[in-house]
Engineer: 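Below is a structure I'd like to ask you about.
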Amino acid sequence: MKTVNKISFNDIESIPQLIKDFLNHQIEGFENATFSIENFAQQIHLKQNSFEQAQREIISKAFTDQLSNLQLSAKQKENVESLKSINTFTITTGHQLNLFSGPAFFVYKIFQTIKTCTNLKEKFPDNNFVPVYWMASEDHDFAEINHFKTENNYYEINEKSGGAVGRIKINDTFFISEFEKEFKDSIFGTELILMLKEAYKVGNTLTEAIRTLVNRLFSDFGLLILDGDSKELKNQVKDIFKDELINFSLNKSSKEKVDFLTDKYGKVQVNPREINLFYLSDTRDRIDFDGENYFIVDTDRKFTKEEILDELENFPEKFSPNALMRPVYQEKVLPNLAYIGGNAEIMYWLELKDYFSKINIPFPILIPRNSMLFIKEKTLGKIEKLDLKIEDFFQNFTKITNSKILDNNSVLESLESQENLIINNFAELKSLAETTEKSFGNMVKAEEVRQLKSFERLKKRLLHAEKIKQNELLERLETLFLDVHPAKTWQERIFNFSVFFADYGYEWLETIVEEMEVEQSKLIIVAI
């Protein structure tokens, strides 16, 4: 395997402008929330002074309890114990409980988290840095996570849903036998099949399944896995949840940032609600307030103010944060310095900065996760033969295709030559027209627009004609685009890690670690 390019997010057209502006320090107020040694030094100081020893004991015990059924590496045991120390901090990423990890970027973001800890240890040798994967076990959209894709197949699990997905127990294992058929003859197929069978045993919950799989892949790197569906952990955020129920503080405190981001970028990733909490029972349903009572949406259940506060006090585990409240929960219970997430995640974290200030929790450094593309040498060869570069496939490829189709086209050259003559002639005519009556000058300008529009129509018809004539070239370009972007999107969002692990095994994992960027957000392209 060989890295052929690392493309900055600034040079990729589809990366949201908000992310580019954030990385380039062009959003006022977020300069301290980006990756830099100075910012990390400040963050260490802030977290050290705000995270109490009692909280360290709680989080260390939570990891001990939650990981008790796993075979932990020496590095993991060391990390759990070190969390009790005032000079130990976490770097966190989070993700849903997708079947067999879902898309491959799940693996990439965890390795970036691990490598960031290694990098920080070199910069701050007196401190310890622990990588954490936060399981989104309380999500309730089962349809989002019940499947994964390989190059040849789509795998799905069917279970009863509606509540927290992490609590769903596995009964349907048909997908395992189908997976076995696809991968039994692959070099590392047997290992993949064993991973799948070990994680997705009948009776395991989806939380247990992902915990087992993630531990199998990352235990040697010291990764700790945390489930927020925990009474002990939620005990620590009761005051924050209480404030949310009574004062709707997240919505109020984030309004200025939400309005600012909306005005500048058109919309925000997630709009805060009046109450940003769910109620967990057999289902997970939103909590709302009608001015008098609190009610659980889509159920008959309702509470007075006193009743819901009693419920929170006695059963904090029944209250579940939504997408905007979850970051607050995470930062409250972990000695965390930075969060590594996808672009969409980073964009909704940005909404919360003022709310973090209100509740006196340090706002973390935010790191947009890197992307990776593993592409066959054969495909790269085909791209080079067409005098294209791999980075062309991450720009406006329609424009690049059209340019290729019309490359050295004599008709286009003639059209553009005549078009330039018209532009030059009308420039002279408009200058003369300014000396006459105004309506005549307007008529000249309108005639120029009419004639230039005719040339645009001619060029469009020429492109259409050339696409028919050069159909073979067009098909080659479209095939190459789909080789780079399966299902017309980034490879890492479609293929499961098994696609690569089946042929390359742990060498593939080692390549990710080796090539992963830490201090900059990039698309890393590796030839295989």
Side-chain angles (χ1 to χ4, degrees), residues 6 8-9 12 15-16 18-20 22-23 30 32-37 39-40 43-44 47 79 88-98 101-124 127-136 210 214 217-218 221-226 228 269 323-324 326-331 333-353 356 362-372 490 492-493 497 509 512-524:
K6 293 187 178 183
S8 168
F9 277 13
I12 299 174
I15 298 296
L18 172 54
I19 295 297
K20 293 177 181 177
F22 171 70
L23 291 170
F30 290 99
N32 294 337
T34 57
F35 193 112
S36 77
I37 300 308
N39 286 349
F40 267 107
Q43 204 70 22
I44 287 169
K47 204 68 184 186
N79 282 344
T88 297
F89 304 92
T90 60
I91 306 296
T92 304
T93 192
H95 199 68
Q96 296 167 296
L97 307 186
N98 296 69
S101 80
F105 71 79
F106 175 89
V107 173
Y108 307 155
K109 74 197 298 192
I110 290 179
F111 271 126
Q112 185 173 349
T113 305
I114 290 164
K115 192 166 182 180
T116 299
C117 289
T118 304
N119 176 276
L120 290 173
K121 183 64 176 175
E122 293 170 0
K123 303 287 196 303
F124 303 96
N127 297 107
N128 301 313
F129 303 93
V130 175
V132 172
Y133 160 55
W134 181 291
M135 296 189 284
I210 285 293
V214 169
L217 289 170
F218 302 104
F221 299 93
L223 181 76
L224 301 186
I225 307 157
L226 192 62
Q269 193 65 29
L324 285 171
R326 187 201 70 78
V328 179
Y329 176 27
Q330 170 192 300
E331 295 302 309
V333 302
L334 286 170
N336 199 52
L337 302 178
Y339 183 77
I340 296 173
N343 293 332
E345 290 179 279
I346 299 302
M347 288 193 285
Y348 69 68
W349 274 78
L350 293 175
E351 301 171 38
L352 299 171
K353 192 166 190 295
F356 269 83
F363 190 71
I365 289 168
L366 299 176
I367 304 172
R369 68 165 182 83
N370 286 298
S371 292
M372 297 194 82
W490 289 30
E492 62 178 24
R493 304 194 68 84
F497 83 96
L509 300 182
I512 296 170
V513 176
E514 187 175 336
E515 299 301 329
M516 181 60 64
E517 287 286 319
V518 168
E519 299 188 19
Q520 293 181 314
S521 296
K522 293 185 176 183
L523 166 64
I524 301 158

Engineer: Search all heavy atoms of T93 against all heavy atoms of I340 and return the closest pair with its distance.
Structural biologist: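 Of all heavy-atom pairs spanning T93 and I340, the closest is OG1-O, 2.7 Å.
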
Engineer: Quick check for you: to the nearest 0.5 Å, what is the distance between L217 atom CG and L223 atom CG?
Structural biologist: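 Going from the CG atom of L217 to the CG atom of L223 covers 10.0 Å.
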
Engineer: Name the one of V130, N336, L224 that satisfies side chain to side chain contact (heavy atoms under 4.5 Å, CB included) with T92?
Structural biologist: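 Result: among V130, N336, L224, N336 is the only option passing the side chain to side chain contact (heavy atoms under 4.5 Å, CB included) with T92.
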
Engineer: Do L334 and L226 touch side chain to side chain, with heavy atoms closer than 4.5 Å?
Structural biologist: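 Yes. Closest side-chain heavy atoms under 4.5 Å.
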
Engineer: Could you pull out the closest heavy-atom pair between E515 and I524, with the gap in Å?
Structural biologist: O-CD1, 3.5 Å

Engineer: Would V513 and I114 count as a side chain to side chain contact (heavy atoms under 4.5 Å, CB included) here? Give the steps.
Structural biologist: CA-CA 8 Å; V513 176; I114 290 164; 5.9 Å; no

Engineer: Between E492 and M372 (side chain of the first, backbone of the second, donor and acceptor by atom type, cut-off under 3.5 Å), is there such a pair?
Structural biologist: yes

Engineer: Pick from Y133, F111, F106: which one makes a ring-ring contact (aromatic ring centres under 6.0 Å, His included) with F218?
Structural biologist: F111

Engineer: Identify the residue among Q269, R369, K109 that makes a side chain to side chain contact (heavy atoms under 4.5 Å, CB included) with E345.
Structural biologist: K109

Engineer: Going by heavy atoms in the side chains, are F40 and F129 under 4.5 Å from each other?
Structural biologist: no

Engineer: Just how far is it from atom CD of E517 to atom CD of Q112, taken to the nearest 0.5 Å?
Structural biologist: 9.0 Å

Engineer: Using only atom types and a distance under 3.5 Å, with no angle test, would you say the side chain of Q43 pairs donor to acceptor with the backbone of F363?
Structural biologist: yes

Engineer: Donor-acceptor check, side chain of K20 to backbone of I12, threshold 3.5 angstrom: yes or no?
Structural biologist: yes

Engineer: Which distance, rounded to the nearest 0.5 Å, do you find between the NZ of K47 and the CZ of F89?
Structural biologist: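 So the NZ of K47 and the CZ of F89 are separated by 9.5 Å.
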
Engineer: Would you sort out whether I512 and Y108 count as a side chain to side chain contact (heavy atoms under 4.5 Å, CB included), showing the intermediate values?
Structural biologist: CA-CA 7 Å; I512 296 170; Y108 307 155; 3.8 Å; yes

Engineer: So Y339 and W349, would you call those rings parallel, tilted or perpendicular, with 30° and 60° as cut-offs?
Structural biologist: parallel

Engineer: Could you tell me if the side chain of N79 sits less than 4.5 Å from the side chain of P131, heavy atoms only?
Structural biologist: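 P131 reaches N79 side chain to side chain.
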
Engineer: To the nearest 0.5 Å, what is the distance between CZ on F124 and CD1 on I37?
Structural biologist: 5.0 Å

Engineer: Does the separation of the ring centres of F22 and F9 fall below 6.0 angstrom?
Structural biologist: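 Distance test on ring centres: not under 6.0 Å, no.
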
Engineer: Measure the shortest side-chain to side-chain distance between S8 and Q520 over non-hydrogen atoms and say whether it is less than 4.5 angstrom.
Structural biologist: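 No, every pair of side-chain atoms sits at 4.5 Å or beyond.
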
Engineer: Can you tell me how far apart CD1 (I91) and CD1 (I365) are? Round to the nearest 0.5 Å.
Structural biologist: 7.5 Å

Engineer: When rounded to the nearest 0.5 angstrom, what distance separates CD1 in I346 from CD in E351?
Structural biologist: 12.0 Å

Engineer: Do P335 and T88 touch side chain to side chain, with heavy atoms closer than 4.5 Å?
Structural biologist: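 P335 does not reach T88 side chain to side chain.
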
Engineer: Under the side chain to side chain contact (heavy atoms under 4.5 Å, CB included) rule, what do I44 and L337 come out as? Steps first, then yes or no, please.
Structural biologist: CA-CA 7 Å; I44 287 169; L337 302 178; 3.8 Å; yes

Engineer: Evaluate the criterion side chain to side chain contact (heavy atoms under 4.5 Å, CB included) for residue pair L523 and I15; output intermediate values, then yes/no.
Structural biologist: CA-CA 10 Å; L523 166 64; I15 298 296; over 6 Å; no

Engineer: May I ask you to test the F221-I110 pair for a side-chain heavy-atom distance under 4.5 Å?
Structural biologist: no

Engineer: Please answer whether the main-chain N or O of M516 pairs with a side-chain N or O of K522 as donor and acceptor at a distance below 3.5 Å.
Structural biologist: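 Side chain of K522 to backbone of M516, a donor-acceptor pair under 3.5 Å: no, none is there.
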
Engineer: Under a 4.5 Å cut-off applied to non-hydrogen side-chain atoms, are L120 and N127 in contact?
Structural biologist: no

Engineer: Can a donor-acceptor pair be found, under 3.5 Å and without considering hydrogens, that links the side chain of N39 to the backbone of T34?
Structural biologist: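 Yes, because the side chain of N39 sits within donor-acceptor range (under 3.5 Å) of the backbone of T34.
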
Engineer: Measure the shortest side-chain to side-chain distance between L366 and P368 over non-hydrogen atoms and say whether it is less than 4.5 angstrom.
Structural biologist: no

Engineer: Looking only at non-hydrogen atoms, find the nearest pair between F356 and P362 and report the distance.
Structural biologist: CD2-O, 3.8 Å

